[in-house]
Amino acid sequence: MLPKHLRLTKKSAFSATYRVKHSVYKGGIALFAGIGKKEPEIDTRVGFVVSKKTHKRAVKRNRLKRLMRESYRLMLKSGEVGNSQKYLSIIFVGHEKAIGKSFSEISSIIKKLLGEI
RNA sequence: UAAAGCAGCCGGAUAAUCGCGCCUAACAAGGUGAGGAAAGUCCGUGCAUCCAAGGACAGAUUGCCGGAGAAACUCCGGACGGCGUGAGCCGGUGGAUAGGACCACAGGAAUGCAAACUGCCGAUGGAUUUUUCGAAAUCACAGGCGAUGGUGCAACGGUGAGGUAAGAGCAUCACCAGCGAUACUGAGAAGUAUCGGCUAGGCAACCCCCAAUCGGAUGCAAGAUUGACAGGAAGGCUAUGAGGUGUCCGCCCACUUCCGAAAAAUCGCUAGAGAUUGAAAGUAAUUUCAAUACCAGACAGAUGAUUAUCUAAAAACAGAACACGGCUUAUGAGCUGCUUUAUUUU
RNA sequence: GCCCCCAUCGUCUAGAGGCCUAGGACAACACCCUUUCACGGUGUAGACAGCGAUUCGAAUUCGCUUGGGGGUA
């Protein structure tokens, strides 16, 4: 879990990010990006979504969310976050193909997504 | 030794680094942090709001007996029935003599003291033949019968003997099943014995009858408090201020109250029909008493990642959202105790 | 999270305990008709979500499971 000031916490913020319609998809994970930053010192907020339609079991959905969150956190710490810091908000959406993959696979997918956005 | 039955345990462990929710603190740290099913939502409660507030009917639920429990499509003990060689397991198990409906096809007939299939008989009455004139034989016409074969899930008790023209529970008998009455045993379900009249189909997870129980609806997104920005309504023109004016009245805005209401905030929210340990009562479910500690509480929603070691192995089903009692379903590897059956040895 | 409803051929449906080896329409396939296609005609294949219980007998009655849909902001 990331600190609260780095997370998206409002429904309006989520829908505002989706409305920009700027997205990349790879290996079962989609990455949405919101509007660009004007002042670079503002933190980029991030959200992680796995819908109930993706898989029925809560354990599998939570697992995917945790893996995505952990790999983003480690990249944020080491500074390998690609172009993501140019945006005010980003959202990772997990799909059915990504369920059951290991941490290293998820990590490499997210690294590619952050480079391409 | 093998195969079974029952009851129960466990639900990865340790260390390091990075990281998260909550609490205490106050910027340094410390404490604590998912389950045996948290699941399905199939029952039952607490809690909350609204409606009703008396009685009857209607309706719903339950359905062998006794006990436990707040209650339950709950649990425990027993009865009866079924399955199994057995240990054991399973059972929505009141009433069919209150009444109604239904029982396809087949079959004579499906509940009406019934026969138009296949049949048995020809005692009695009738016809024909023979005759030793007593009667006998044949026919299957009247009629008698419900045993045999067949149908069907099911055919109005079963088996054997007696009996008869042939037959039949047939005012006959033995045993068995079932029904009723009486007596005894038991708290009761029920069991045992004797006697009776000889027989009563199934279905109530169809309506129904009987007995017992039940205010209804909605679910914590229940509900309570605070309440920003718009906007609307009412009050008061007086004690105050501003506007226009030379002054006053009047008007209007500040003002006050109410409505409204942010994916807003706080509460509800976790100290409990609770947990652990021990003792006592009870066959048991369970109850009582004592001690100990406080043990998740989020709101885009916390337990994760990596490495090392252990184990057969980086391991099944699976993630709290107000709480509790059950039921049901899912579940890897392994362990413990008791019991049964079979085989072998002593 | 909480509360409801539904499930029958590829699709839409009929069915209320036996007449159901489940009927009909559209679609599919084959043949006929036509110079050919269409229309029309004849035929063929194709389903009770799964498991158990009640019953002589279950698509239908009763449980459990599975899948789908809806409501609640």
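Numbered from 1 within each chain, the chains take letters A, B, ... in sequence-line order.
Pair assignment for B:A284 gives none, since no Watson-Crick or G-U wobble pairing has each distance under 3.5 Å. The partner of B:G332, taking Watson-Crick or G-U wobble pairs whose two distances both stay under 3.5 Å, does not exist in any strand shown. Pairing partner, B:U192: B:A183, with both Watson-Crick or wobble hydrogen-bond distances short of 3.5 Å. Within the shown strands, B:A290 is the pairing partner of B:U277 under the Watson-Crick or G-U definition, both distances less than 3.5 Å. Under the Watson-Crick or G-U wobble criterion, with both distances below 3.5 Å, B:U309 is paired with B:A13. Pair assignment for B:C220 gives none, since no Watson-Crick or G-U wobble pairing has each distance under 3.5 Å. The nucleotide B:G215 finds its pairing partner in B:C51, both defining distances of the Watson-Crick or G-U wobble pair being shorter than 3.5 Å. Both distances falling under 3.5 Å, in either a Watson-Crick or a G-U wobble arrangement, place B:U74 opposite B:A68.
Look at the P atom in both B:A296 and B:A275: the space between them is 14 Å, to the nearest Å. Across B:U331 and B:G326, the matching P atoms stand 23 Å from one another, rounded to whole Å. Here the separation of B:G332 from B:G297, taken at their C1' atoms, is 32 Å to the nearest Å. Across B:C141 and B:C117, the matching P atoms stand 12 Å from one another, rounded to whole Å. The C1' atoms of B:U41 and B:C209 are separated by 35 Å, rounded to the nearest whole Å. Taking atom P in both B:U328 and C:G63, one finds a spacing of 15 Å when rounded to whole Å. When the P atom is compared between B:U45 and B:C338, the two are found 44 Å apart, to the nearest whole Å. The separation of B:A221 from B:A263, taken at their C1' atoms, amounts to 11 Å, rounded to a whole angstrom.
Glycosidic conformation, B:A37: anti, with the torsion outside 90° of 0. In B:G36 the base sits syn relative to the sugar, since the glycosidic angle is no further than 90° from 0.
Minimum heavy-atom separation, A:I106 to A:S71: CG2-OG, 4.1 Å. Minimum heavy-atom separation, A:I109 to A:K101: CD1-NZ, 4.1 Å.
To the nearest 0.5 Å, atom CD1 of residue A:I110 and atom CD of residue A:E105 are 12.5 Å apart. Within the model, atoms CZ of A:R69 and CG of A:L67 stand 10.0 Å from one another, a figure rounded to the nearest 0.5 Å.
The aromatic rings of A:F92 and A:F48 lie parallel to each other, their planes meeting at an angle below 30°, with 60° marking the opposite boundary.
With B:A300, B:A318, B:U303 as the candidates, the nucleotide lying closest to the side chain of A:R66 is B:U303.
The shortest side-chain heavy-atom distance between A:L113 and A:I29 falls under the 4.5 Å cut-off.
Across the protein-nucleic acid pair, A:L76 atom CG and B:C18 atom C1' stand 13 Å apart, rounded to whole Å.
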At a cut-off of 3.5 Å, list every protein nitrogen or oxygen paired with a nitrogen or oxygen from nucleotides 305-307 of chain B, distance to 0.1 Å.
residue	atom	partner	partner atom	Å
B:A305	OP1	A:R63	NH1	2.0
B:A305	OP1	A:R63	NH2	2.5

